[in-house]
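Only one structure is covered here, and it is reproduced in the block below.
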Amino acid sequence: MAKFIVAIETVKIKEFLFSTNKLKVIRGASYLLDYLNQVEVPKIIKKDNRVEDKDIIYVGAGNAKFFVERDTKEKAERIVKEIIKEVKDKYEKEAPGAKVVGVYVETAYKKGQKSEKGREVWNDLDKLGELTAIEKSKGFSTLNIDLPHVEKCELSGTEVAEVDIKNLPRDLENLGFTVKDRNLIFKDYNDKEISTIELKTLEGQIKNLAKTTGKISDASFRKILFANLLKKVDKIDNVGFYNTIKEYIRDYEDSTIQDFQNTDSFFGVMYSDGDGLGDFLKGSKEKFIELIEKNDNAEDLYLEFMGKFSKKLDEITKGSLKDVLEEVFENRDEKEKWGEFLIVGGDDVCAVFPPNLVMEISMKFQKRFEDKMASAMKEITEDIGEDKNTRITSSSGV
């Protein structure tokens, strides 16, 4: 038998999100990445039973880690390469410009068994991290479009304009979309129809966002498309944070951050990030290394810990912000109940709020996040023992 441990990661995320200052496009880009990671990637991984649920360590916040095992190394490696290629192809098609890295290493890990010294599963995960860093450092190819007669996307300025408002049905069909009776038909990975959007709506949005030329890139169009699908997320899949916050989005078609200023020309931007998670995970690994001397099951417990921690971190980040918004907005005027959610996931939050509420939201979010993580860590670290280094904190800026 041969077994590989695989890591697929979306990188350069901020470059993809902030290709323009149009909030609708940024919002759609954020939802698009979440949708691909949480809905489409698991379908690709599990297609034709290539990977079973028990072999998935974690999928979320732009990452996926899982095992592939077959009776020969050649068969296992072929499946690994197929999955990585299909994920990359899916991102290239649905989120042009998004960068994805896929790496893998052969592992000696077997559930319920103790690996040879030096070949423990945490060393395999460290190796995956090194390989991912190497792939990132290689950079990514870019297309030079500074050529005569090449029209650029009005929104990003760095991509080829492939969608023209004057020929929208034709251009969308050329990009692989299904257009029927002046409606765009949105389909999932299995080619199942799950939503429709009127072309009239999309034409109006493109006209508002790209006022000068009405010409945008494939990538910009798909971000606009997902900004529309966000409003229908409950009909698609309950993806991450978006189903809970869509009612708070102030949907001005061509808005930028500056459009959210109050009468004193202030607007509120909040950014929050977890503190020292790399050091925390390194310290946690050391505890499992100590545990292996007493417990042959230490590697199983470590993988369970990594999966629980990653899922809880993402859940608590999104859940804490949701709870705080409900609390802060409860007795506010409707005109104050809004936000623009640029990044919400993992341990990151980047959002725009009314300037008179942003400090309160930030402070309450930080406290709730830390309190919830403290409770969660008591459960997650029960196998290794909780200490002062297992308390997860965050830093917020307004």
Side-chain angles (χ1 to χ4, degrees), residues 9-37 40 61-62 87-101 136 139-147 150-165 168 171-172 175-177 202-230 239-242 249-260 267 269 271 339-346 348-352:
E9 181 177 343
T10 312
V11 299
K12 307 284 186 183
I13 290 176
K14 290 181 177 65
E15 291 180 10
F16 181 77
L17 296 180
F18 301 114
S19 63
T20 175
N21 69 344
K22 301 295 187 182
L23 289 175
K24 188 181 189 73
V25 183
I26 297 170
R27 182 198 315 147
S30 179
Y31 175 48
L32 171 56
L33 291 183
D34 238 21
Y35 171 81
L36 289 173
N37 176 245
E40 300 294 359
V87 170
K88 286 185 173 181
D89 288 348
K90 186 65 177 176
Y91 272 81
E92 184 177 349
K93 178 183 176 183
E94 302 294 346
K99 307 295 191 297
V100 177
V101 170
K136 289 181 186 178
F140 298 89
S141 60
T142 57
L143 179 66
N144 178 18
I145 62 172
D146 292 321
L147 300 168
V150 174
E151 293 188 273
K152 297 181 181 179
C153 171
E154 186 176 332
L155 300 180
S156 72
T158 59
E159 299 160 337
V160 176
E162 299 176 79
V163 177
D164 187 339
I165 190 175
L168 189 59
D171 290 346
L172 294 184
L175 292 173
F177 289 100
L202 294 168
E203 287 169 344
Q205 292 170 355
I206 295 171
K207 184 177 180 180
N208 283 328
L209 291 163
K211 288 180 168 62
T212 304
T213 64
K215 297 178 181 180
I216 61 174
S217 65
D218 180 14
S220 291
F221 174 77
R222 291 176 189 272
K223 293 172 185 177
I224 294 169
L225 171 62
F226 268 79
N228 286 276
L229 291 173
L230 193 156
V239 178
F241 180 63
Y242 295 94
I249 294 171
R250 185 186 290 182
D251 199 7
Y252 298 141
E253 299 298 352
D254 59 346
S255 61
T256 63
I257 289 177
Q258 285 73 17
D259 293 319
F260 292 84
F267 55 91
V269 180
Y271 189 89
E340 278 295 342
F341 307 92
L342 311 182
I343 304 172
V344 183
D348 290 322
V349 172
C350 181
V352 181

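Residue pairs meeting the salt bridge (Lys or Arg N to Asp or Glu O under 4.0 Å) criterion with at least one partner in residues 216-230, sequence neighbours excluded, are E94-R222, D218-R222. Applying the ring-ring contact (aromatic ring centres under 6.0 Å, His included) test to every pair with at least one member in residues 204-228, sequence neighbours left out, gives these pairs: Y31-F226, Y35-F226, F177-F221, F186-F226.
For S217, the side chain to side chain donor-acceptor pair (under 3.5 Å) partners are E159, S220, not counting sequence neighbours. The side chain to side chain donor-acceptor pair (under 3.5 Å) check on E203 picks up R182, with sequence neighbours excluded. In this structure D164 satisfies the side chain to side chain donor-acceptor pair (under 3.5 Å) test with no other residue, sequence neighbours excluded. Partners of Y271 by ring-ring contact (aromatic ring centres under 6.0 Å, His included), not counting sequence neighbours: none found. Residues that satisfy the salt bridge (charged side-chain N to carboxylate O under 4.0 Å, His left out) test with K12, not counting sequence neighbours, are absent from this structure. The side chain to side chain contact (heavy atoms under 4.5 Å, CB included) check on A98 picks up F16, L33, Y91, A95, with sequence neighbours excluded. With sequence neighbours excluded, no residue forms a side chain to side chain donor-acceptor pair (under 3.5 Å) with D171.
Classification of K99 and E15 as a salt-bridged pair fails, no side-chain N sitting under 4.0 Å from a carboxylate O.
A donor-acceptor pair is defined here as one N or O able to donate and one able to accept, closer than 3.5 Å; such a pair exists between the side chain of E154 and the backbone of K211. Judged purely by atom type and a 3.5 angstrom limit, K93 has no side-chain atom pairing as donor or acceptor with the backbone of K90. Without hydrogens or angle criteria, N228 side chain to I224 main chain gives a donor-acceptor distance under 3.5 Å.
Side-chain contact between I13 and I343 is absent, with no heavy atoms from C-beta onward closer than 4.5 Å. The closest side-chain heavy-atom distance from C153 to I216 is below 4.5 Å.
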